[in-house]
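In what follows, chains are A, B, ... by sequence order, proteins preceding strands, each numbered from 1. Side-chain atoms are counted along with the backbone in the values below, which use heavy atoms only and exclude waters and symmetry mates.
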Number of protein chains: 2
Amino acid sequence: MTAKPAATPQSSVELPVEAVQARRFEKARSAQATAVLEDYVELIDDLLASGGEARPTDIARRLGVTHATAIKTITRLKREGLATSKLYRGVFLTPEGHGLADRVRARHRLVVDLLRAVGVPEQCAELDAEGIEHHVSDVALDAFALFLKRQLKRQDP
Amino acid sequence: MTAKPAATPQSSVELPVEAVQARRFEKARSAQATAVLEDYVELIDDLLASGGEARPTDIARRLGVTHATAIKTITRLKREGLATSKLYRGVFLTPEGHGLADRVRARHRLVVDLLRAVGVPEQCAELDAEGIEHHVSDVALDAFALFLKRQLKRQDP
DNA sequence: GACTTTTTGTAGCCTAGGCTACATTTTAAG
DNA sequence: CTTAAAATGTAGCCTAGGCTACAAAAAGTC
Ligand SMILES: [Mn+2]
Ligand SMILES: [Mn+2]
Ligand SMILES: [Mn+2]
Ligand SMILES: [Mn+2]
């Protein structure tokens with residue numbers, strides 16, 4: 001199981017190339033698995049913050065899926081401890097869900113800002129960010145923030 | 001079906017906010033659906049270019065999945081006209097598959113380069129790019145290329 | 001209050017992409 | 001040539017996340 005440091009006589013601590021590559025793909029797959037949940041909690045939080053209610057039908061319409069699909073995913077949110085709901089009442093977020101929503105929203109904005117900063121048109125930035133956001137690590141996010149700060153300084157002397 | 005230009009008296013040609021948002025999510029979902037295929041063709045093309053053979057076992061090991069999973073996805077590649085294979089021979093790409101591989105590889109590199117350019121550490125850039133790449137539109141790619149070109153000019157006077 | 005519409009929920013189906021277990025074929029050793 | 005190992009393929013299972021169709025409840029209308 002534990003990848004032996006390898007019988008490569010030349011380099012010492014390096015994993016085999018294949019293993020490194022496999023790890024990349026695995027990470028991308030796991031990010032994808034949480035993407036749907038992230039979008040749901042962010043959207044639910046938005047709805048709760050603005051209108052006051054997050055109804056399954058609204059959620060479905062915003063996401064572009066049927067209400068049956070939305071309800072099923074909401075069930076998963078509840079199972080994972082991110083949301084709660086009672087029959088014919090709207091959906092609410094647990095503290096965990098709310099915390100996730102905040103992080104997801106911040107990340108979404110940062111990704112859009114970075115795309116804009118490197119010259120991506122606004123519409124396109126919003127569109128692409130919806131998918132990209134789920135694959136940006138915290139390290140990259142920090143780099144984005146730093147880049148944006150520096151760029152501001154350069155323009156605002 | 002056709003979204004009526006809306007009964008919003010204020011603005012004229014604007015779709016309802018919900019529809020715009022739904023379109024974003026739909027686009028992200030469809031990008032996700034092709035992500036696996038893109039990674040496969042890129043990897044197969046790499047293997048063919050370097051070693052000369054793309055065997056299911058190698059593909060599986062590089063992707064971090066079992067060979068059964070790899071073979072199943074290869075079946076899908078064939079069904080979609082991207083690859084060919086014969087029993088116990090390796091996998092090959094059709095012209096369409098090869099073309100896709102080239103585009104995917106170019107996009108991958110461009111994404112990594114952009115991440116590096118805005119200050120993301122190399123390891124992290126490679127890691128994140130594996131997921132991000134599938135969600136970057138052509139318009140954004142053009143913007144990335146332009147940004148990189150300009151940044152080069154700034155450093156190489 | 002009766003009736004209609006909307007919302008919500010449930011059931012059942014499909015595909016993609018994971019997995020394990022087992023069968024077969026090819027390749028490598030001896 | 002025989003046999004062991006590796007590669008390949010198949011079968012069957014699971015989950016996630018889509019969908020449609022139907023059922024029940026809530027909300028609006030008259
Ligand atoms: Mn998203
Ligand atoms: Mn988002
Ligand atoms: Mn990828
Ligand atoms: Mn890639």
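- B:E42 contributes atom CD, which lies 11.0 Å from atom CG of B:L93 (distance to the nearest 0.5 angstrom).
- Side-chain contact annotation: B:K78 with B:S85, donor-acceptor N/O pair under 3.5 Å present.
- In this model, a donor atom of one side chain and an acceptor atom of the other lie less than 3.5 Å apart for B:E38 and B:H134.
- Rounded to an integer number of Å, the gap from A:R76 CZ to C:dT10 P is 18 Å.
- Summarising the local packing, CD of B:E96 is surrounded by more than 12 heavy atoms from other residues, nucleotides or ligands at distances under 6.0 Å.
- Distance CD (A:Q32) to C1' (D:dA16): 10 Å, rounded to an integer number of Å.
- Taking CD1 from A:I44 and CD1 from A:I74, the interatomic distance works out to 5.5 Å, rounded to the nearest 0.5 Å.
- Going from atom CZ of B:F25 over to atom C1' of D:dG17 covers 15 Å, rounded to whole Å.
- If you measure from atom CD of B:E38 to atom P of C:dA16, you get 16 Å, rounded to the nearest angstrom.
- Shown here is A:Q123, whose CD atom has no more than 12 heavy atoms of other residues, nucleotides or ligands within 6.0 Å.
- For A:T69, a side-chain nitrogen or oxygen approaches OP1 or OP2 of D:dC19 to under 4.0 Å.
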Sequence-aligned protein contact record of nucleotides 6-13 of chain D, with B where the base is within under 4.0 Å of a protein heavy atom and S where only the sugar-phosphate is: -SBBBBBB
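- In this entry the distance linking NE2 of B:H134 with P of C:dG17 reads 12 Å, nearest Å.
- For the pair B:R29 CZ and C:dA16 P, the interatomic distance rounds to 16 Å; values are reported in whole Å.
- Of the side-chain N and O atoms in B:R79, one or more sit less than 4.0 angstrom from OP1 or OP2 of C:dA16.
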